[in-house]
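Source: prediction; values computed, not measured.
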Amino acid sequence: MKLAVCMNGLFRNHVKPHVGVLHKRFHEKFPTADFYYHTWTEFENTVPAQYKMNQDYFFTDPEPKLKYHPISDSKTNCKHGKWHPYKSGNLMRHKTQNGSKQILGYAMMHKNIQKEYDVVIRARWDTALDEQVDFTPYIEMAYEEGPVGFSIRGKRGPSGKDGKVKIVEKTDYDPMDDWFGYLQDALIIHKQEHFDPDYVLQLHKDENLWPAEWGWYQVMSLPYGDDIHTSCHGGAYIAR
């Protein structure tokens, strides 16, 4: 199976484990993958030279300036249980203001990738993988069923460091859970055809691209029949 690892976002040097260690884990877990990198042009100088050596695999774009709030000004609504309270109450407005930029950056990145892949692994520069987890079954799941997302939940469930992964059950239909209208996003494994960068850019042009986990669901699951995705606790987390 032909794999690509795509890392995008802001490069944060002062995280533990260090980015170099995190990157080494990705190469160990996905040794046959091609690696691509993206950041905003304004922050290119923060990325070490080793990641920028091949311009066919490193891309930048100017950071977009949002003229709309991705929740408060949205023209459509997510079915996840937290969406309506956040929208009607303007909750966490400042924190969520730029939450769609990670998806925009990923779309811009994909516009530059010339090769075709069976499965793509999307990560942030500061995504930490659980060293004990074998991701092969989740690559197969993403290829056969739909996108698979990973993250942790505070002190609840797998820690991302204990070798455990718990799939969020789809049989519950709890609108507040981490699957219903929601795709965990510390790490996302997906078929290339389940991410259309032009669709993302059009949503942004229409001022209707949702942020964070809601937005990943909006562009990776909803257009392809809805609820084709899987969310997992454990496996990956954001290094701090």
List the steps, then state whether salt bridge (Lys or Arg N to Asp or Glu O under 4.0 Å) holds for Asp206 with Lys75.
-> CA-CA 9 Å; Asp206 295 340; Lys75 296 177 174 61; over 6 Å; no
Should Asp177 and Arg153 be marked as a salt bridge (Lys or Arg N to Asp or Glu O under 4.0 Å) after you check the CA-CA gap, both sets of side-chain angles, and the distance that decides it?
-> CA-CA 11 Å; Asp177 75 11; Arg153 277 294 175 221; over 6 Å; no
Test ring-ring contact (aromatic ring centres under 6.0 Å, His included) on His38 and Tyr106 and set out the steps.
-> CA-CA 8 Å; His38 181 277; Tyr106 195 56; 9.2 Å; no
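Residue Glu116 qualifies as open at atom CD: its count of foreign heavy atoms under 6.0 Å is 12 or below.
Taking the centre of each ring, Phe150 and Phe135 come in below the 6.0 Å mark. No close placement of the Tyr143 and His190 rings is indicated, their centers lying 6.0 Å or farther apart. Between Phe35 and His27, the distance separating the two ring centers is shorter than 6.0 angstrom. Residues Trp179 and Tyr173 place their aromatic rings such that the two centres sit under 6.0 Å apart. With ring centers used as reference points, Tyr217 lies under 6.0 Å from His229.
Nearest approach of Gln218 to Pro223, heavy atoms of both residues: O-CD, 3.1 Å.
Donor-acceptor pairing under 3.5 Å is recorded for the side chains of Tyr117 and Asp34. Side-chain N/O atoms of Asn77 and His84 include no donor and acceptor closer than 3.5 Å. With no hydrogens or angles considered, no side-chain donor-acceptor pair links Ser72 and Lys87 at under 3.5 Å. Judged purely by distance below 3.5 Å, without hydrogens or angles, the side chains of Gln184 and Ser231 never pair a donor atom with an acceptor atom. Using a 3.5 Å distance cut-off with no hydrogens or angles, the side chains of His23 and Tyr37 do pair a donor with an acceptor.
At least one donor-acceptor pair under 3.5 Å links the side chain of Arg25 to the backbone N or O of Leu129. Lys164 places no side-chain N or O within 3.5 Å of a backbone atom of Ser159 that could act as its donor or acceptor partner. Thr127 places no side-chain N or O within donor-acceptor distance of the main-chain N or O of Ala123, the cut-off being under 3.5 Å. Judged purely by atom type and a 3.5 angstrom limit, Glu144 has no side-chain atom pairing as donor or acceptor with the backbone of Ala142. Although no hydrogens or angles enter the test, the distance criterion places a donor-acceptor pair under 3.5 Å between the side chain of Thr41 and the main chain of Asp61. In terms of modelled atom types and a separation under 3.5 Å, the side chain of Thr39 and the main chain of Gly9 share a donor-acceptor contact. With hydrogens and angles disregarded, no donor-acceptor distance shorter than 3.5 Å links the side chain of Arg93 to the backbone of His69.
Between the CD atom in Glu169 and the CG atom in Asp174 there is a gap of 12.5 Å [rounded to 0.5 Å].
Side-chain contact between Leu203 and Val200: absent, with no pair of heavy atoms (C-beta onward) separated by less than 4.5 Å. Under the 4.5 Å side-chain criterion, counting only non-hydrogen atoms from C-beta, Lys16 is not in contact with His14.
Aromatic ring pairs are classed by plane angle as parallel below 30°, tilted from 30° to 60° and perpendicular above 60°; the pair Phe30 and Phe26 is tilted.
If you run side chain to side chain donor-acceptor pair (under 3.5 Å) between His80 and each of Trp210, Tyr86, Trp214, only Trp214 comes through. When the options Ile238, Asp126, Val19 are evaluated for a side chain to side chain contact (heavy atoms under 4.5 Å, CB included) with Arg12, the one that passes is Asp126.
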Show the atom names and distances, to 0.1 Å, of all donor-acceptor pairs under 3.5 Å that link a side chain in residues 44-53 to residues at least two apart or in another chain.
| from | atom 1 | to | atom 2 | distance (Å) |
| --- | --- | --- | --- | --- |
| Thr46 | OG1 | Phe43 | O | 2.6 |
| Lys52 | NZ | Glu44 | O | 3.2 |
| Lys52 | NZ | Val47 | O | 3.1 |

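By the side chain to side chain contact (heavy atoms under 4.5 Å, CB included) test, Asp130 pairs with Gln132, Val133, Asp162, sequence neighbours left out.
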